[in-house]
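Report on one structure; see the data block that follows.
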Amino acid sequence: WGRKSLGDSPATVLSPAASHPMASGFHFPLLSPAKIAEELVQFDVAPFANLRAEHIASPQPDLLPGVLGRFFDYFVDAPGDGEGGQLGFSELEVLDNPEHHAEAIRLLRLYNKSQIFLESIHYKDLTLADFTHPTPRRVVEVLSALINFLLYRHDKTELLQSIVSESSDYHERDLELKARIAQIQKEIADHELAEQMEEPMAQQLEADVNALQQKVQVYNKQHLALRAKAAAISDTKEEIHRKITQADFELTKHAQENSKLRSKLVKSPEKVQRALEEKKSARAKLKESEKIATQNAQEKTTTMEIRNKALEKLVKQHSKIQDVHEQLAAAKTVEKEVKTRKAKLNDESVSVMSFEAQIVEWKGKVHEMEERLKVKVKERNQIIANENQKLGALSSETEVKLQCLEPREKKVEAMIAKASKLCSEAASARTSATAQQQKIHAKFNNIVKAFNTYMDSVDPFLERIEEVGRQLAGERASAPDPSAAVATKATPRSSATSKKSRARRRT
């Protein structure tokens, strides 16, 4: 249904004796009523099942709306695009009783939609009278255009059916990929479930590690306390050692004094004996105190050794706990790396398999498409040759039509020139008439002004004449005279002239 030539239009489907021209070279064949009825029933757009040629030969007002409504429902409108017969706000505001006009509004909407569609296929003669007062000729034209479009659409869909059938492999591939995705999602769910099941164990291990860390902190505190005690013990040990050295020094001093006393013992044996006994008792006390100090020193050294051994054990235990903690962290990292590498390996293996399958598939498709391309190129060359022939025939036909249209065009140009000349003459006459009218109006205004000035100058004189006439009338009334009649006759004239002058002045 294009602008290529008559051979490419739906007229090639049926070759009728007569055809109806559309806009700018589009044509379609006028079908018989029997053929129209048959095609409408075949395409399932007939308004009723038992449609016959008599219904088209003597159409009713509901024939075209029924056919076009079913056509839009089945071939043009998508599901849910219909208006549902509901009125818009603008229509509800304009109409007093919208429910009385629902059928008319539905028919008008269908007419607007049908007109837009038929204009899109270059049939621009549809009127509202074709819906309300259809004639057989108009019904045959509209339905012939519609059926030829349906035939053209049917041919094009058959040409595209081969391409659509080729997409079945893609559909199967899509199903396989969806199944693979579902399987991978199931594996992910299983992995998450296993992770959830192992989560209590991990939490227990984390709790154990936290307890061990707390114990290590307690041991560290104890270690610091033991170090402080060991420092205090070493200080007391140094103090005891210093006292022992002091006692040794005093012992040697006492031994020297003892030797001196022995030398003096010959001279005074009783005093010496007494002093010796005192020295012996002091020495015995010193020995006992020395024994006690040595015992205390030994006890402290043993406690220091025990504490040092306990400290060494705590340090070893702490190092072991740290090693265990590091091993747990390393095991977790290794487990995560193993999982990630397994997932990567699985993904890479799947991608490699899919790529290999795609390579094989695309190789086959490339080979097939090359063969199809060769066939299509041959078909295209043949179509181009045919279309060139048709284009030559069409160009010759258009040249003949243009030659026939040249005298008409010249006549129209002459008429347009004559009309433009008449329009210019009318415009010039109008401008001259308006200028003359303005001149006459200006003269009239000047005359009115001159008359007003003249009346302004004459009014005082007429008033004086009236006063004089009144005086004379009064005098003559006192003395009757034959000339009084003449004066009385003259005064009304003067008053009449004054009234006329005043009236002219008012104008």
Side-chain angles (χ1 to χ4, degrees), residues 23-24 87-98 100-101 104-105 107-109 111-112 115-116 119 124-130 132-133 402 404-507:
S24 67
L87 302 179
F89 289 106
S90 59
E91 297 164 349
L92 293 173
E93 289 176 357
V94 172
L95 300 174
D96 293 333
N97 297 314
H100 296 165
H101 305 279
I105 292 170
L107 186 65
L108 187 60
R109 286 176 178 174
Y111 166 70
N112 292 329
Q115 189 178 21
I116 292 168
E119 285 180 358
K124 301 182 178 179
D125 297 336
L126 185 68
T127 60
L128 190 59
D130 295 333
T132 57
H133 300 88
L402 288 172
C404 294
L405 290 172
E406 281 179 358
R408 277 184 171 182
E409 187 177 357
K410 290 179 180 178
K411 188 176 179 180
V412 170
E413 289 177 354
M415 292 177 70
I416 291 168
K418 187 176 179 181
S420 62
K421 185 177 180 182
L422 290 172
C423 290
S424 62
E425 288 177 357
S428 62
R430 189 182 293 109
T431 53
S432 63
T434 52
Q436 191 174 1
Q437 187 178 3
Q438 290 175 359
K439 191 184 289 184
I440 292 166
H441 186 67
K443 286 181 180 181
F444 177 75
N445 290 329
N446 293 328
I447 290 167
V448 170
K449 287 179 181 179
F451 179 74
N452 289 328
T453 54
Y454 174 73
M455 292 304 297
D456 291 336
S457 63
V458 169
D459 282 340
F461 180 71
L462 292 175
E463 288 176 356
R464 289 182 66 187
I465 290 172
E466 284 179 0
E467 290 177 359
V468 171
R470 287 173 185 172
Q471 291 175 1
L472 290 172
E475 289 175 357
R476 288 178 182 179
S478 61
D481 191 32
S483 63
V486 178
T488 54
K489 288 180 182 178
T491 54
R493 286 181 182 176
S494 63
S495 63
T497 54
S498 65
K499 287 180 181 178
K500 286 181 182 177
S501 64
R502 288 173 184 171
R504 287 173 184 172
R505 189 176 178 183
R506 288 194 190 103
T507 56

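Side chains are part of it too, since the values below use all heavy atoms of this structure and drop only hydrogens, waters and symmetry mates.
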inquiry  = Does Tyr111 form a side chain to side chain contact (heavy atoms under 4.5 Å, CB included) with Leu126? I'd like the steps, not just the answer.
reply    = CA-CA 9 Å; Tyr111 166 70; Leu126 185 68; 4.1 Å; yes

How many angstroms lie between atom [atom1] of [X] and atom [atom2] of [Y], to the nearest 0.5 angstrom?
X      : Y      : atom1 : atom2 : answer
Asn446 : His441 : CG    : NE2   : 10.0 Å
Asn452 : Ile447 : CG    : CD1   : 12.0 Å
Asp125 : Glu119 : CG    : CD    : 10.0 Å
Glu463 : Ile465 : CD    : CD1   : 10.5 Å
Leu128 : His133 : CG    : NE2   : 10.0 Å

inquiry  = For Glu425, I'd like to know if atom CD has over 12 heavy atoms of other residues, nucleotides or ligands within 6.0 Å.
reply    = yes

